[in-house]
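Heavy-atom basis, side chains included; hydrogens, waters and symmetry copies ignored. Not measured: the values here are computed from a predicted model. If you read the sequence from its start, that first residue is 1, and numbering goes on from there.
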Amino acid sequence: MFPARVLTGGAASVRVALVTFELIREVPDVALAPAFDGEPLVQSFRVVKPRGRVWITTAEAFTVPAFGRPWVDARLVEAEAALGARAFRRALRDGLRLHAETAALPLAA
């Protein structure tokens, strides 16, 4: 799923996901809802370079298997390729919203 490098040492080996962007997870704060399209509960990350922010609703994040920095990093790589460098930097500055793939969302009964 994510690019990885296998590190070996002694009898054990470990797969470590390769990352492109330096991400700092932000503490959830419902007072910041206006910055997140009115969503009170989000998972947000500060992107160090290029500077900006990326976020996803907590409800959507729960539907993503293995949600975390590697998943967010992979979505940022995809977004940069799709938008182009200039538009991508602008989107990060404005707060880029990520979405879980719709196929991963549960259907209502």
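Summarising the geometry of Ala33 relative to Pro40, their closest heavy-atom pair is CB-CA, 3.9 Å, with the distance given to 0.1 Å. Scanning all heavy atoms of the two residues, the minimum distance from Leu23 to Asp73 falls at CD1-N, 4.0 Å.
Cluster note: Phe36 groups with Leu32, Val42, Trp55 through ILVMFWY side-chain heavy atoms spaced under 4.5 Å, whether in direct contact or through intervening members.
Taken from CD1 in Ile56 to OG1 in Thr63, the straight-line distance is 6.5 Å, to the nearest 0.5 Å.
Using a 4.5 Å heavy-atom cutoff, the side chains of Leu98 and Val54 are in contact. Put simply, the side chain of Thr58 does not reach to within 4.5 Å of the side chain of Glu39, judged on heavy atoms.
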Could you go step by step and tell me if Leu41 and Thr57 meet the side chain to side chain contact (heavy atoms under 4.5 Å, CB included) rule?
CA-CA 6 Å; Leu41 206 51; Thr57 66; over 6 Å; no

Quick one: do Leu96 and Leu76 satisfy side chain to side chain contact (heavy atoms under 4.5 Å, CB included)? Show the steps, please.
CA-CA 9 Å; Leu96 179 61; Leu76 290 176; 3.9 Å; yes

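Not a single salt bridge (charged side-chain N to carboxylate O under 4.0 Å, His left out) links Asp29 to another residue, sequence neighbours left out. The side chain to side chain donor-acceptor pair (under 3.5 Å) search around Arg93 returns none, not counting sequence neighbours. Residues passing the ring-ring contact (aromatic ring centres under 6.0 Å, His included) test with Phe67 are Trp71, sequence neighbours excluded.
Note on residues 44-59: pairs passing salt bridge (charged side-chain N to carboxylate O under 4.0 Å, His left out), not counting sequence neighbours, are Glu26-Arg53. Here salt bridge (charged side-chain N to carboxylate O under 4.0 Å, His left out) pairs that include residues 77-90, with residues two or more places apart or in two chains, are Arg75-Glu78.
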